[in-house]
Amino acid sequence: MTQQPQAKYRKDYKAPDFTITHLDLDFDLQASHTQVIAKSRVKQQVIGSDSMFLDGDGLSLKRVEINGEAWPHFEETPEGLVLTQLPTEFELLIETHIDPAANSSLEGLYLSDGAYCTQCEAEGFRRITYYLDRPDVLAKFTTKIAADKSAFPFLLSNGNKVGSGELESGRHWVQWEDPYAKPSYLFALVAGDFDRLADSFTTRSGRDVALEIFVDKGNLDRATHAMTSLKNSMKWDEDRFDLEYDLDIYMIVAVDFFNMGAMENKGLNVFNSKYVLANSDTATDTDYLGIEAVIGHEYFHNWTGNRVTCRDWFQLSLKEGLTVFRDQEFSSDLGSRAVNRIGNVRTMRGPQFAEDRSPMAHPIRPDKVIEMNNFYTLTVYEKGSEVIRMMHTLLGEVKFQKGIKLYFERHDGTAATCEDFVKAMEDASGIDLKQFRLWYSQSGTPVLDVTSVYDDESNTLTLRVKQHTPSTADQKDKQPLMIPFDVELYASDGNVIELQCNGEVVSNVLHVAESEQTFVFDNVGEQPVISMLREFSAPVTLHYAYSDEELAFLMVHARNEFARWDAGQMLLAKHIKANVIRVQAGEAVHIPEEVVDAFRGVLLSDQLDAALIAEVMQLPSENEIGGWFDVVDVDAINAVRGATKQHFANELADEFSAIYHSLKQMEYSIAHDAIGQRSLRNMCLAYLALTEQGDDIVSAHYTDSNNMTDTAAALAAANHAELASRAALMQAFSDKWQHDGLVMDKWFMLQGGNPAQGALDNVKAQMSHPAFSLKNPNRTRSLVGAFCNNNPVNFHAKDGAGYEFLSDILIQLNESNPQVASRLIDPLLKFKRFDQDRQALMRDQLERLALLDNLAKDLYEKINKALEV
Ligand code: B3K
Ligand code: ZN
């Protein structure tokens, strides 16, 4: 590396000296030689300034003009263009040439399987032209695109189509105008030959909006679920958030080469095809639900992200945390609230809590960034959403919606900050959020240590709550946070005991604000069982010495479904943890009969719905279990989790079998109860795979399946149980689907996650599979990502071969696609969580990568943090 990448700090924010109010773009598309002419109207913002720095990356500059005249006062630097001796208001013309065909980073303008598309967030626009590539510069865009007509019949950009025409040599042009001022990261251009699914939506004020989904030729039958999800999103945002769509057209384009899930460009979303394409033969229920959530997420950004955008990238959670909260609410309102909440909480307790303990720990509003793409994290997104959710809990829906209204009244059409959002919530509700704001600046996972004392003479229950947040890599000292702590008390007959203080009924949501706090409840007639942190009311770890009996009681009697699931998880956690320690001491795994009985009760319950039973029976992942220990012992954890699953399979075989056989395969439908039934049936299958009848039942399930959910469940069951039939089933699947990369991703994930010994050699072999390509982020994540993240025993093999494999791949991706490389490296960064031998091996690989002389700043930032002492 010639120059060390420089960090930017939130505290250094400065508004720009000049701004751009209008931008007219003109693209002449040629694969290796695209010409971009950008005409901007520029205005001085700070009196006296006469120079301006425009960001640019990898551009070939052809022309600079001001007010129609060649401008000699400029200088190209490695990071951009400095213009000097500027007037106060002027028209700037810049012509650059770029090479989309050579762009393998999938940022800026690139070719994806013969179609041009763009990805500009966070800082990709500077790969298209020199510009003030920052979110607080809002301009009105027009975009003219010219390209070969037969290869690129569709030429798309933001806003409304305002003109089109023919050109010589079989070329044509189209012009677009976006009436809403926007920052450059929301710009999009797509050119290609697609199939188009067209529909429309009438907004509640009666405006007709054209809806268009563009997919690769031949995939039209796979776009209908995305269209339904889009219409549902538009309706839901009107009903729940009072927000209506604002353009006459909404377009979505699905592409196969995409670094993330999707992108909310104004009026023209670009999507990873994974989050658009689905039919029952190719997509699982999880895929269907994922599509609904991501289509919703990008649509909801139109208000929370596009109409009000971020002042600077440190404020990313302003749009992402809020929009994740909105998509979670959307999925919960349309489907099962409990199942959605369980999924979100699993993500928090597993990977997000792990991020807090990693060298990359950061608050939801980071203070220091080298490569912005490194901060599209679980912390900014998922914890960011939890922070919004806590405000929702503290304010209630009505006041929260008042806050949202005020936020839009104040900030529509501008670039805002997280502080602006909290202030709007505070002003609209009259609720003081002063201490609450700390959630934006303090990183890490707070721990609540709770004890309780019941006094049967005074009929009082005292809860003593201590909070502390362990130091994180980025921040040593922590302060007490404002934590909404939702509790409920139950009498032995299962009835709720109202919470009363001094004879007055009080809210279930306690405000824990100090490092130590005591809550006394009176009129508690008997020793209650306490349900705590209901609905995961704050993103914290709860410590409370529950007895097995109390947890088994809550699994049956807690009024809310999430709390029942959570009690089951706590019961499992208690015994899994104890067994890991036992195994480390050379003892055998032991699970008391009462624990198995508590889960038998759930299986036999006629009060719980199918989807919830399936969730309750799912053991925490090895990664989540790892989070409960200071030093992660991958082998002991794997042994205990495996033995627990096997024990349940043996002890509950009759119940699993009875349920499995009672749930016949139906005609496929994505109705929520059908999804629930399939998930219960497939959960039973996963356990039955571990019994004597495993091979037969799994093979029959595969053969009889009439949909991808059941097919994939059979493969997963065979894979995890290491059944003899596994190889034949995997082969049959690959024979059938090898032409379809998206479907094969499921297969690659199973190869990557295969717990069998020698899995690494197999993973390496699969890299030559005809459907695999390291150039495609989906394939890479499926095979390599699954191996490094979902296969702890093999990735962490004692000889270090797993670590070496990952860094070999990273060396290649560092050159071709640094963003994908930077996501994949995460498991290696966490080396301090393992034993000394593994630490040394992992560190060796990081040091090897650190020495690369062309290390991209994405990897540089992470490796440097990890290796810092
Ligand atoms: N805003 C985009 C993510 C962009 C990621 C840039 N590396 C998608 C989303 O969150 O909706
Ligand atoms: Zn988003």
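Whatever order the structure lists them in is the order used to number ligands and atoms, beginning at 1.
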Please tell me whether Asn344 and Thr347 have a donor and an acceptor in their side chains that are separated by less than 3.5 angstrom. no
From the list Asn776, Asp858, Asn259, Thr780, side chain to side chain donor-acceptor pair (under 3.5 Å) with Asn817 holds only for Asn259
With sequence neighbours left out, which residue pairs that include part of residues 309-318 fulfil the salt bridge (charged side-chain N to carboxylate O under 4.0 Å, His left out) condition? none
Name all pairs fulfilling the salt bridge (charged side-chain N to carboxylate O under 4.0 Å, His left out) condition that reach into residues 774-790, sequence neighbours left out, sorted by first residue then second. Asp745-Arg779
With rounding to 10 degrees, His297 NE2, the Zn ion (ligand 2) and Glu320 OE1 define an angle of 110°
A cation-pi test, strictly: NZ or CZ of Arg341 under 6.0 Å from the centre of the six-membered ring of Phe536 and no more than 45 degrees from its axis. Yes or no? no
Check each N or O atom of ligand 1 against all protein N or O atoms and list the pairs under 3.5 Å, with atom names and distances to 0.1 Å, one per line.
residue	atom	partner	partner atom	Å
ligand 1	1 (N)	Glu121	OE1	2.6
ligand 1	1 (N)	Glu264	OE1	2.8
ligand 1	1 (N)	Glu264	OE2	3.4
ligand 1	1 (N)	Lys319	NZ	3.4
ligand 1	1 (N)	Glu320	OE2	3.1
ligand 1	7 (N)	Asn373	OD1	2.8
ligand 1	7 (N)	Gln819	OE1	3.3
ligand 1	10 (O)	His297	NE2	3.4
ligand 1	10 (O)	Glu320	OE1	3.0
ligand 1	10 (O)	Glu320	OE2	3.1
ligand 1	10 (O)	Tyr381	OH	2.4
ligand 1	11 (O)	Glu264	OE1	3.3
ligand 1	11 (O)	His297	NE2	3.1
ligand 1	11 (O)	Glu298	OE1	2.8
ligand 1	11 (O)	Glu298	OE2	2.9
ligand 1	11 (O)	His301	NE2	3.2

Sorted by first residue and then second, give each salt bridge (charged side-chain N to carboxylate O under 4.0 Å, His left out) pair with at least one member in residues 98-107; sequence neighbours left out. Glu107-Arg127
